Amino acid sequence: MKQSLGLVSLVVQDYDEALAFFVGKLDFELVEDKSIPEQDKRWVVVKPPGSNGCCLLLARASTIEQTSRIGNQTGGRVFLFLYTDNFSRDYNRLISRGIKFIREPKEEVYGTVAIFKDIYGNQWDLLQPNDN
């Protein structure tokens, strides 16, 4: 058997503002952006540059309950982990683009990590794993 995660759904307020953040500030690549008129939705998928793994589906909230989850999909825990092959390069690039880090870089047993917030307040780890 072979399985893998293909997409993780991230609830967003607006497709275009989410794209401006993920593509414009984080340098994610736009994989798909298709209109689904019968549902008044778009199928918007992005991925980190050079990634062959899981992608993010930017899913616009369409109910009051979904809207209440924007920016807090995990109850205040780190939600997503952005791996990098060069922590210093990416940390400094994100700082220069106005990304707010809420925990400064730290060496952990598993690698170098700092926590930042996305446009909606979800917490992310920027992580360069140790070579094992």
Side-chain angles (χ1 to χ4, degrees):
M1 180 188 318
K2 181 179 177 182
Q3 297 180 336
S4 64
L5 286 176
L7 295 170
V8 171
S9 185
L10 179 67
V11 181
V12 301
Q13 183 172 316
D14 177 82
Y15 295 116
D16 293 326
E17 76 179 3
L19 281 170
F21 179 81
F22 287 100
V23 174
K25 291 199 176 225
L26 295 186
D27 286 334
F28 279 29
E29 298 170 10
L30 180 61
V31 176
E32 291 183 77
D33 187 352
K34 296 179 183 172
S35 178
I36 307 172
E38 62 275 9
Q39 296 179 20
D40 190 31
K41 293 182 180 180
R42 286 163 52 188
W43 182 262
V44 181
V45 178
V46 296
K47 70 176 187 169
S51 174
N52 293 323
C54 189
C55 297
L56 279 180
L57 173 67
L58 303 178
R60 187 188 69 212
S62 60
T63 67
I64 293 171
E65 184 176 4
Q66 290 173 12
T67 300
S68 75
R69 302 300 195 271
I70 295 172
N72 191 20
Q73 290 188 209
T74 58
R77 288 190 55 102
V78 170
F79 177 42
L80 296 163
F81 298 78
L82 181 59
Y83 280 27
T84 178
D85 63 350
N86 186 319
F87 183 89
S88 181
R89 174 199 65 212
D90 291 341
Y91 176 78
N92 290 320
R93 180 177 49 79
L94 293 177
I95 289 283
S96 74
R97 292 184 177 177
I99 302 300
K100 181 181 178 189
F101 279 83
I102 61 169
R103 189 175 115 193
E104 295 301 312
K106 186 174 181 184
E107 292 294 326
E108 298 285 1
V109 295
Y110 51 84
T112 305
V113 62
I115 300 174
F116 69 93
K117 288 188 175 186
D118 68 21
I119 187 174
Y120 300 110
N122 294 298
Q123 294 183 36
W124 292 63
D125 270 2
L126 176 64
L127 173 63
Q128 182 176 351
N130 288 334
D131 293 331
N132 292 327

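These numbers come from the heavy atoms of this one structure, side chains and all, not from hydrogens, waters or symmetry mates. Note that the structure is a prediction, hence the values are computed from the model and not measured.
Listed here is the closest heavy atom pair of Leu56 and Phe22: CD1-CE2, 4.1 Å. Of all heavy-atom pairs between Ala59 and Ser9, the closest is CB-OG, 3.5 Å. Cys54 and Ser51 make their closest contact through O-OG, 4.3 Å (heavy atoms, listed as atom of the first residue, atom of the second, distance). Residues Gln128 and Phe87 approach most closely at OE1-N, 2.7 Å, considering heavy atoms. Here the shortest heavy-atom pairing between Ala18 and Val12 reads CB-CG1, 3.9 Å. Listed here is the closest heavy atom pair of Asp118 and Leu10: OD2-CD2, 4.2 Å.
Rounding to the nearest 0.5 Å gives a distance of 7.5 Å between CG of Asp33 and CG of Asp16. The structure places CZ of Arg69 at 11.5 Å from OG1 of Thr74, a figure rounded to the nearest 0.5 Å. Separation of atoms CD (Glu32) and CZ (Arg42) is listed at 12.5 Å; rounding is to 0.5 Å. In this structure, the separation between CG on Leu126 and CD1 on Ile95 is 10.0 Å, given to the nearest 0.5 Å. Here the straight-line distance linking atom OH of Tyr110 with atom CZ of Phe81 works out to 7.5 Å at 0.5 Å rounding. Atom-to-atom distance recorded for Tyr120:OH and Asn72:CG is 15.0 Å, nearest 0.5 angstrom.
Annotation: Ile36, atom CD1; neighbour count of heavy atoms from other residues, nucleotides and ligands within 6.0 Å is above 12. No more than 12 heavy-atom neighbours from other residues, nucleotides or ligands sit within 6.0 angstrom of CD on Glu65.
Between Trp124 and Phe116, the ring planes lie parallel to each other; the angle is under 30°, not in the 30° to 60° tilted range.
Results of the side-chain contact (heavy atoms from CB on, under 4.5 Å) test with Leu58 over Leu30, Val45, Leu19 single out Leu19 as the only residue that passes. In summary, of the residues considered (Asp27, Thr84, Asn86), a side-chain hydrogen bond (donor to acceptor under 3.5 Å, both in side chains) with Arg93 occurs for Asp27 alone.
Looking at Leu127 and Glu108, their side chains never come closer than 4.5 Å, going by heavy atoms from C-beta outward. Taking the side chain as every heavy atom from C-beta outward, Leu80 and Gln73 never approach each other to under 4.5 Å. In this structure, Arg97 and Phe21 have side chains that are not in contact, with every pair of non-hydrogen atoms separated by 4.5 Å or more.
Following chains of ILVMFWY side-chain contacts shorter than 4.5 Å, one cannot reach Ile99 starting from Ile115, and the two form parts of different hydrophobic clusters. Hydrophobic clustering (side-chain heavy atoms under 4.5 Å, transitive across Ile, Leu, Val, Met, Phe, Trp, Tyr) keeps Val31 apart from Leu82. Taking hydrophobic clusters as Ile, Leu, Val, Met, Phe, Trp and Tyr residues chained together by side-chain heavy-atom distances below 4.5 Å, Leu26 shares a cluster with Ile70. Taking hydrophobic clusters as Ile, Leu, Val, Met, Phe, Trp and Tyr residues chained together by side-chain heavy-atom distances below 4.5 Å, Leu7 does not share a cluster with Val23. Put simply, Val11 and Val78 are part of two different groups of oily side chains (I, L, V, M, F, W, Y) that touch within less than 4.5 Å, one to the next.
Between Tyr91 and Phe101, the distance from one ring center to the other falls under 6.0 angstrom.
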### Message
Before you tell me yes or no, could you show the steps for Ile119 and Gln13 under side chain to side chain contact (heavy atoms under 4.5 Å, CB included), namely the whole-Å CA-CA distance, both residues' side-chain angles and the distance that decides it to 0.1 Å?
### Response
CA-CA 10 Å; Ile119 187 174; Gln13 183 172 316; over 6 Å; no

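Of the possible donor and acceptor atoms, one in the side chain of Glu29 sits under 3.5 Å from a partner among the backbone N and O of Gly50.
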